[in-house]
Amino acid sequence: MLSNQGVVKIFVKGTQLGSVPGLYYNNVGISSTAYQNLDYVTDSTGLVIGKIHYRAFDLSSVGTGTLTTKATNYYSPYNVLSDSISIH
C-alpha cells in the first residue's frame, strides 16, 4: 500500500448490480481501484452469500467529512444499500 492511499473493506451481502460498490466522499463519487482480489463469503453449506471488496483510493481526495459506499441490489426493487463513516 502506498503512503497516500487509503483502503476500505466492503462487505456486500447478496448480489449487487454492477461489478463494484461505489465510493463517495461527501456524496461525490471518488475514483477507486481494486486493492486485492475479492473474498467470497459462504454459509455453513458452502453457498456464496456475499462478497468482500477491497477498494483503494487516493487520500488527497478526502478530508474531514463522510466516506460512503453504495451498492444496488441486483434484484427488484433494486434497493440501494449503503454505509458511511465520518472522518474527523
Side-chain angles (χ1 to χ4, degrees):
M1 185 167 87
L2 303 173
S3 63
N4 62 340
Q5 184 181 59
V7 176
V8 290
K9 181 178 179 180
I10 305 163
F11 171 63
V12 178
K13 185 175 181 181
T15 307
Q16 73 191 35
L17 190 62
S19 58
V20 296
L23 197 57
Y24 303 85
Y25 171 66
N26 290 339
N27 294 318
V28 176
I30 60 173
S31 178
S32 68
T33 58
Y35 178 68
Q36 70 182 50
N37 292 335
L38 293 173
D39 285 332
Y40 291 91
V41 179
T42 59
D43 66 11
S44 61
T45 66
L47 182 68
V48 174
I49 59 170
K51 295 182 262 184
I52 297 175
H53 298 263
Y54 299 87
R55 305 301 299 171
F57 61 97
D58 186 348
L59 287 173
S60 67
S61 61
V62 299
T64 300
T66 304
L67 186 64
T68 304
T69 184
K70 297 179 185 180
T72 303
N73 192 326
Y74 187 80
Y75 300 102
S76 181
Y78 309 111
N79 294 324
V80 175
L81 313 168
S82 67
D83 202 1
S84 301
I85 58 172
S86 294
I87 303 169
H88 299 282

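Starting from 1, each residue takes its place in the sequence as its number. Quick note: numbers below take in every heavy atom, side chains included, and nothing from hydrogens, waters or symmetry partners.
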* **Close side-chain approach of Asn26 to Thr68, heavy-atom, < 4.5 Å** => no
* Sub-4.5 Å side-chain heavy-atom contact between Val8 and Phe57 -> yes
* Indicate yes or no: at least one non-hydrogen side-chain atom of Val41 is less than 4.5 angstrom from one of Lys51. => no
* **Stepwise side chain to side chain contact (heavy atoms under 4.5 Å, CB included) test for His53 and Gln16** => CA-CA 12 Å; His53 298 263; Gln16 73 191 35; 3.5 Å; yes
* To do: Determine, using the 4.5 Å side-chain heavy-atom cutoff (strictly less than), whether Val7 and Ile30 are members of one ILVMFWY cluster.
  => no
* Rounded to the nearest 0.5 Å, what separation is found between the CG atom of Asn4 and the OG atom of Ser61? -> 10.0 Å
* **Lys/Arg cation over aromatic Tyr24: Lys70, 6.0 Å, 45° cone** => yes
* Between Pro77 and Asn79, is any pair of side-chain heavy atoms under 4.5 Å apart? -> yes
* Taking the side chain as every heavy atom from C-beta outward, state whether Phe11 and Ile52 have any atom pair closer than 4.5 Å. => yes
* Structure fact -> On a heavy-atom basis, the closest approach of Gly6 and Leu59 is N-CG, 3.6 Å
* Taking the side chain as C-beta and beyond, is there a heavy-atom pair between Asp58 and Gln5 under 4.5 Å? -> no
* To do: Report the residue from Ile10, Val20, Ile85 that forms a side chain to side chain contact (heavy atoms under 4.5 Å, CB included) with Thr69.
  => Ile10
* Structure fact -> Between Leu67 and Val62 the two heavy atoms that sit nearest each other are CD1-CG1, 4.3 Å
* How about Tyr25 and Thr66: do any of their side-chain heavy atoms sit closer than 4.5 Å? -> no
* **Residues, nucleotides or ligands: over 12 heavy atoms within 6.0 Å of Tyr74 OH** => no
* Do you know the tightest heavy-atom contact between Arg55 and Ser32? -> NH2-O, 2.9 Å
* To do: Flag yes if Tyr75 and Leu17 sit in one hydrophobic cluster, no otherwise; membership is Ile, Leu, Val, Met, Phe, Trp, Tyr, and two members link when side-chain heavy atoms are under 4.5 Å apart.
  => yes
* Do Asn37 and Tyr54 have side-chain N/O donor and acceptor atoms under 3.5 Å apart? -> no
